[in-house]
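What follows is a short report on a single structure.
As a basis for the values below, the full set of heavy atoms in this structure was taken, side chains included, without hydrogen atoms, waters or symmetry mates.
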Amino acid sequence: MRLGINLGYWGAGMDGDNLAVAQEADRLGYDVCWAAEAYGSDAPTVLTWVAAQTESIDIGSAIMQIPARQPAMTAMTAATLDSLSGGRFRLGLGVSGPQVSEGWYGVKFDKPLARTREYVEIVRKAMSRERLAYEGQHWTLPLPDGPGKPIKLTVHPQREHIPLYIAAIGPKNLEQTGEIADGALLIFPSADHLEDTAVKHLRAGREKAGKSMDGFDVCPTLPLAVGDDVNGLADMFRPYTALYVGGMGSRKQNFYNQLAQRMGYEKEAAEIQDKYLGGDKAGAAAAVPHRLIDQTTLLGPVERIAERMQAYAAAGVTTLTLAPAGFTLEERITALRAGTDALERSGLA
């Protein structure tokens with residue numbers, strides 16, 4: 001099992017710290033460094049900055065939002081980043097959510113599976129440097145009855161095949177991800193539930209495409225905090241968990257809330273959402289069960305984290321992406337180093 005690092009969103013006074021974390025991850029031998037985007041910093045700019053100041057670690061978008069860019073633009077960006085980084089780019093895509101898609105980008109959040117499938121087909125075709133012609137429900141290239149003509153990408157990516165990942169949570173999206181992508185980006189993964197909530201759906205998609213899980217990258221992100229007080233460490237992540245389970249998306253379209261329900265927290269997920277959407281964020285955080293936090297993070301001393309890593313590997317994880325917590329750069333670096341120590345102790349390195 002390999003290790004990755006997720007920098008999250010750039011900004012909030014942590015710019016220099018994030019770069020230092022990425023550089024330390026590069027020195028320690030982490031496999032990939034991911035950057036996120038929502039409606040603040042964009043992922044490609046951050047990844048360019050990181051790639052220019054690291055040597056061997058891969059850089060990946062987790063995610064570039066599908067409603068933010070035309071697919072041909074995404075292919076251009078991916079090819080450029082792969083070329084400039086010396087073949088280190090991984091393209092992670094996702095549909096975002098209805099609030100961001102419609103509120104920030106003005107793109108209707110409908111038929112996300114069909115949109116994703118067409119988007120991936122166009123991106124792959126463009127990155128292969130074929131002349132770009134496509135007829136679908138959501139995109140037609142070139143536009144009919146106009147001056148446009150099929151043209152091909154002029155940039156030569158470093159590699160013939162740039163790894164393509166999709167952020168997936170729901171069963172149908174996971175199955176499609178297994179069918180059309182090279183890897184899956186997961187969030188709030190519990191090793192205890194990973195087979196039922198994710199891996200079996202990914203496997204079904206691979207089988208539909210006539211493929212096995214061999215070579216497919218199951219890549220969840222887990223917050224990491226190191227120390228002896230597991231309960232105290234878990235409390236650090238109460239606001240984080242409450243935000244996703246209670247406040248991310250709308251009441252009817254909160255994919256993380258639905259995931260918590262599939263993990264057996266139906267009553268708790270409803271209470272967290274009611275309090276969060278009612279403005280009681282502290283109450284929502286307090287309502288998050290300790291076990292839910294502990295199942296979806298890596299907490300405790302290095303020995304305990306090593307045992308959890310073994311459980312994730314047994315559940316099918318191939319790249320475990322860490323989001324090291326800490327209020328200072330020193331704390332985050334310490335957590336980052338503990339991740340490699342734990343992997344070595346687990347025997348999975």
Side-chain angles (χ1 to χ4, degrees), residues 2-11 14-94 96 105 119-132 141 151-167 180-185 215 217 219 221 319 321-323 336:
R2 301 174 295 274
L3 290 182
I5 174 74
N6 196 318
L7 300 178
Y9 305 111
W10 206 257
M14 299 175 66
D15 301 7
D17 287 1
N18 272 340
L19 180 59
V21 168
Q23 290 173 325
E24 180 66 8
D26 187 32
R27 188 188 71 80
L28 290 169
Y30 276 67
D31 200 53
V32 59
C33 175
W34 303 96
E37 68 180 21
Y39 43 93
S41 56
D42 72 289
T45 304
V46 172
L47 295 173
T48 303
W49 179 246
V50 170
Q53 298 177 83
T54 53
E55 295 181 2
S56 59
I57 193 169
D58 276 12
I59 53 169
S61 56
I63 55 166
M64 287 170 65
Q65 298 169 104
I66 286 175
R69 301 170 183 85
Q70 292 293 335
M73 181 70 241
T74 293
M76 290 166 61
T77 303
T80 305
L81 276 169
D82 195 60
S83 177
L84 292 177
S85 66
R88 291 191 280 149
F89 180 62
R90 304 184 192 183
L91 174 60
L93 299 172
S96 189
Y105 296 116
Y119 198 95
V120 168
E121 289 173 353
I122 296 170
V123 167
R124 286 198 188 279
K125 192 168 187 177
M127 289 194 303
S128 71
R129 303 190 68 248
E130 295 181 40
R131 292 197 176 274
L132 190 54
L141 300 169
I151 52 181
K152 67 179 181 179
L153 184 70
T154 60
V155 175
H156 290 255
Q158 187 79 10
R159 295 165 295 174
E160 291 185 5
H161 183 85
I162 296 174
L164 190 150
Y165 293 68
I166 295 174
I180 68 175
D182 303 304
L185 300 171
D217 198 7
C219 184
T221 291
T319 300
T321 298
L322 307 179
L336 196 66

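- For Ala181, the side chain to side chain contact (heavy atoms under 4.5 Å, CB included) partners at least two apart in sequence or on another chain are Leu164, Ile166, Thr177.
- In terms of heavy atoms, Ser85 sits closest to Leu81 at OG-O, 2.7 Å.
- The side chain to side chain contact (heavy atoms under 4.5 Å, CB included) test applied to Tyr105 returns Gln65, Pro67, Ala68, Val100, Val107, not counting sequence neighbours.
- Atom-to-atom distance recorded for Ile59:CD1 and Trp49:CH2 is 14.0 Å, nearest 0.5 angstrom.
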Begin with the C-alpha distance, continue with both residues' side-chain angles, and end with the deciding distance and a verdict on side chain to side chain contact (heavy atoms under 4.5 Å, CB included) for Thr45 and Trp10.
CA-CA 10 Å; Thr45 304; Trp10 206 257; over 6 Å; no

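- The backbone N or O of Gly92 lies less than 3.5 Å from a partner atom in the side chain of Ser61, making a donor-acceptor pair.
- For Phe89, the ring pair (Phe, Tyr, Trp, His ring centres under 6.0 Å) test picks out no residue, with sequence neighbours left out.
- Nearest heavy-atom pair, Tyr165 versus Cys219, reported as atom, atom and distance to 0.1 Å: CE2-CB, 4.3 Å.
- The side-chain hydrogen bond (donor to acceptor under 3.5 Å, both in side chains) check on Asp58 picks up Arg90, with sequence neighbours excluded.
- Using a 4.5 Å heavy-atom threshold, the side chains of Ile66 and Ser96 count as separate.
- Going from atom CD1 of Ile5 over to atom CG of Asp31 covers 12.5 Å, rounded to the nearest 0.5 Å.
- Here the closest non-hydrogen pair linking Val32 and Gly60 is CG2-N, 4.2 Å.
- The side chain to side chain contact (heavy atoms under 4.5 Å, CB included) check on Leu84 picks up Thr80, with sequence neighbours excluded.
- In terms of heavy-atom proximity, Ala79 sits nearest to Pro157 at CB-CG, 3.7 Å.
- For the atom pair CG of Leu153 and OG of Ser128, the computed distance is 9.0 Å after rounding to the nearest 0.5 Å.
- Counting only residues at least two apart or on different chains, the salt bridge (charged side-chain N to carboxylate O under 4.0 Å, His left out) pairs with a member in residues 119-130 are Arg124-Asp182.
- Interatomic distance, CG of Leu185 versus CH2 of Trp34, reported as 5.0 Å (0.5 Å rounding).
- Atom-to-atom distance recorded for Thr77:OG1 and Met64:CE is 4.5 Å, nearest 0.5 angstrom.
- Considering only residues two or more places apart in sequence or on other chains, Thr319 meets the side-chain hydrogen bond (donor to acceptor under 3.5 Å, both in side chains) condition with Arg2, Asp217.
- Listed here is the closest heavy atom pair of Val46 and Ser41: CG2-CB, 4.4 Å.
- Atom CD1 of residue Ile151 and atom CG of residue Leu132 lie 7.5 Å apart, to the nearest 0.5 angstrom.
- The side-chain hydrogen bond (donor to acceptor under 3.5 Å, both in side chains) check on Arg159 picks up Asp82, with sequence neighbours excluded.
- Evaluation of the side chain to side chain contact (heavy atoms under 4.5 Å, CB included) rule for Ala38 yields Tyr9 as partners, not counting sequence neighbours.
- The nearest pair of heavy atoms linking Ile63 to Gly94 is CD1-CA, 3.3 Å.
- Taking 4.5 Å as the limit, some side-chain heavy atom of Glu37 sits within range of a side-chain heavy atom of Pro44.
- Among residues two or more places apart in sequence or in another chain, the side-chain hydrogen bond (donor to acceptor under 3.5 Å, both in side chains) test is passed with Thr54 by Arg88.
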With a cut-off of 3.5 Å and sequence neighbours excluded, list every side-chain donor-acceptor pair involving residues 21-30.
from  : atom 1 : to     : atom 2 : distance (Å)
Gln23 : NE2    : Gln53  : O      : 3.2
Glu24 : OE1    : Arg27  : NE     : 3.1
Glu24 : OE2    : Arg27  : NE     : 3.4
Glu24 : OE2    : Arg27  : NH2    : 2.6
Glu24 : OE2    : Arg337 : NE     : 2.9
Glu24 : OE2    : Arg337 : NH2    : 3.3
Asp26 : OD1    : Ser56  : N      : 3.1
Asp26 : OD1    : Ser56  : OG     : 3.0
Asp26 : OD1    : Ile57  : N      : 2.9
Asp26 : OD2    : Glu55  : N      : 2.7
Tyr30 : OH     : Leu336 : O      : 2.6

